[in-house]
Amino acid sequence: MRNSSTGAKLGNNDPCWCGSGQKYKRCHQSRDLLAKLQGEEPGKPSSFRPVKPGALSAPRPVPERIPRPEYALTGKPGARIKDVIKTPDQIARMRLACRAAREVLEITKRAVKPGITTDALDAITHQACIDLGGYPSPLNYMGFPKSLCTSVNEVICHGIPDSRPLAEGDIVNLDVTIFIHGMHGDCSETVGVGAIDPASQKLIDDTRACMLAGIGAVRPGYMIRDIGRAIDARAAKDGYGVVRAFVGHGIGERFHQDPQVPHYYDPSATFAMVPGITFTVEPMINLGTWKHSSWEDGWTAVTADLKRSAQHEHTVLVTERGVEVLTLAEGEPQPFAF
Ligand code: MF3
Ligand code: CO
Ligand code: CO
């Protein structure tokens with residue numbers, strides 16, 4: 001393989017240095033030419049350099065009038081809730097919280113463009129939550145310093161918004177959770193920044209397909225492990241790595257509660273899906289290895305081989321007939337019978 005960092009000349013029809021398998025002319029050639037004009041090292045546009053931690057802005061305050069989750073002051077989540085089957089009243093409040101999470105995610109997504117910092121996206125999410133009358137759930141959850149998780153390129157999850165501007169060609173996961181009506185609603189999407197290479201776009205699309213395959217396995221009488229089995233099968237088609245260290249989770253009055261929802265096939269995940277339980281399905285899918293390493297900030301998880309990772313997340317409810325996706329946009333049709 002050619003050494004991408006020396007800028008050795010690639011022919012128009014050679015495979016691109018990024019590993020997409022596409023011809024260079026269809027992939028990074030135009031971006032490399034642009035980068036050269038701007039004085040950057042050829043063959044390594046900023047979106048293909050490893051992500052480095054930036055500077056954090058001052059903490060963002062939440063007005064007194066906003067009802068807070070139990071950990072807001074101390075950072076410590078409350079005791080485990082044993083009863084995971086929700087009442088009709090709790091379900092009604094979950095629907096509202098999840099709809100609000102989607103609204104905030106859509107607002108934040110619309111701000112993504114080359115040059116905006118992840119900290120500016122955090123400011124938008126923070127204010128959008130407050131405007132709806134909700135609390136941005138990540139803020140001080142186990143000490144997390146910001147209101148949004150922003151996971152760029154090889155960052156798998158739990159990226160902390162900072163001073164790094166997004167670059168054309170980056171991919172970024174925006175993970176929004178809001179506490180409102182006494183419930184948490186949780187959803188995320190990975191989006192491209194400006195024009196992105198075909199392998200990254202395919203990764204994003206396939207990750208969404210993996211999430212939907214997992215949600216398609218949600219129905220009463222089945223077990224949580226059926227979700228991971230479906231995701232594994234979908235991801236295997238393209239040889240992706242399915243992250244094992246981070247899982248979906250029950251959700252409600254608590255940000256994270258039982259059950260744990262592995263996205264790979266784990267035969268021990270025999271928790272029964274019964275009507276009235278709510279949890280997230282949020283697979284993290286990697287172009288390379290499923291293994292990760294962690295930054296010293298104690299939060300940011302990156303792929304061990306620094307290849308890119310994408311994630312999509314919905315909060316779902318098990319119903320008598322199947323599954324209701326709670327974090328759809330208003331008017332968006334349910335993907336499965338419910
Ligand atoms: N929203 C993430 C999830 O899907 C959790 C973020 S925890 C935080 O589970 F502390 F990083 F915000
Ligand atoms: Co989330
Ligand atoms: Co989640």
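Here the structure is a predicted model, which means the values were calculated and not measured. The basis for the numbers below is simple: all heavy atoms, side chains too, and nothing from hydrogens, waters or symmetry mates. Each ligand, and each atom within it, is numbered from 1 in the order the structure gives.
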Exercise. Of Thr177, Thr108, Thr150, which meets side-chain hydrogen bond (donor to acceptor under 3.5 Å, both in side chains) against Thr125?
Worked result: Thr108
Exercise. Is NZ or CZ of Arg68 both nearer than 6.0 Å to the six-membered ring centre of Tyr135 and within 45° of the ring axis?
Worked result: no
Seminar exercise, completed: side-chain hydrogen bond (donor to acceptor under 3.5 Å, both in side chains) with Asp205: of Gln201, Arg208, Lys202, only one passes, and it is Gln201
Exercise. So, the side chain of Asn140 versus the backbone of Ala72: is there a donor-acceptor pair under 3.5 Å, distance only?
Worked result: yes
For this session: For atom 12 (F) of ligand 1, grab the closest protein heavy atom and report residue, atom and distance to one decimal in Å.
Result: Pro138 CB, 3.0 Å
Problem set entry | His256 to ligand 1, any heavy atom closer than 4.0 Å | yes
Exercise. Side chains of Ser188 and Asn173: do they bring a donor and an acceptor to under 3.5 Å?
Worked result: yes
Problem set entry | Closest non-hydrogen atom pair between Thr327 and Thr315, with its separation | OG1-N, 2.9 Å
Exercise. Within His256, is some N, O or S atom less than 2.8 Å away from the Co ion (ligand 3)?
Worked result: no
Exercise. Which heavy atom of Ser200 sits nearest a heavy atom of Ile171, and at what distance?
Worked result: CB-CG2, 3.9 Å
Exercise. Any heavy atom of Phe255 sitting closer than 4.0 Å to ligand 1?
Worked result: yes
Problem set entry | Ser188, portion touching ligand 1 at heavy-atom distance under 4.0 Å | neither
Exercise. Going by the atom numbers of ligand 1, which of them fall below 4.0 Å from some non-hydrogen atom of Cys149?
Worked result: 6 (C), 11 (F), 12 (F)
Exercise. Pick one: which of Phe144, Tyr141, Phe246 meets ring pair (Phe, Tyr, Trp, His ring centres under 6.0 Å) with His158?
Worked result: Phe246
Exercise. Which is closest to atom 4 (O) of ligand 1 by heavy-atom distance: His158, Glu282, Met284, His184?
Worked result: Glu282
Seminar exercise, completed: Looking only at non-hydrogen atoms, the one of Ile160, Val176, Asp175 nearest atom 2 (C) of ligand 1 is Asp175
Problem set entry | Shortest protein contact, atom 3 (C) of ligand 1 (heavy atom only) | Asp186 OD2, 3.4 Å
Problem set entry | For ligand 1, the portion of Phe144 having any non-hydrogen atom under 4.0 Å away | side chain
Problem set entry | Sidechain N-carboxylate O distance under 4.0 Å for Glu189, Lys109 | yes
Seminar exercise, completed: ligand 1 to His249, heavy atom cutoff 4.0 Å, flagged ligand atoms 3 (C), 4 (O), 9 (O)
For this session: Considering only non-hydrogen protein atoms, determine which one is nearest to atom 7 (S) of ligand 1 and report residue, atom name and distance to 0.1 Å.
Result: Tyr141 CD2, 3.9 Å
For this session: Tell me which N, O or S atom of Asp175 sits nearest to the Co ion (ligand 2).
Result: OD1
For this session: Pick one of side chain, backbone, both or neither for how Met142 approaches ligand 1, counting any non-hydrogen atom pair under 4.0 Å.
Result: neither
For this session: Determine whether the side chain, the backbone, both or neither of Thr280 has a heavy atom under 4.0 Å from any heavy atom of ligand 1.
Result: neither
Problem set entry | Residue Glu313 atom name (nearest to the Co ion (ligand 3); N/O/S) | OE2
Exercise. Can an N, O or S atom be found in Asp186 less than 2.8 Å away from the Co ion (ligand 2)?
Worked result: yes
Exercise. Of all the atoms in ligand 1, which lie at a distance below 4.0 Å from a heavy atom belonging to Thr177?
Worked result: 1 (N)
Exercise. Out of the N/O/S atoms in Glu282, what is the name of the one closest to the Co ion (ligand 3)?
Worked result: OE2
Exercise. Got a salt bridge between Arg164 and Asp170, using NZ or NE/NH1/NH2 to carboxylate O under 4.0 Å?
Worked result: yes
Exercise. Between Arg254 and Glu70, is there a side-chain N and carboxylate O pair less than 4.0 Å apart?
Worked result: yes
Problem set entry | Pairing of Asp122 and Arg60 as salt bridge, 4.0 angstrom limit | yes
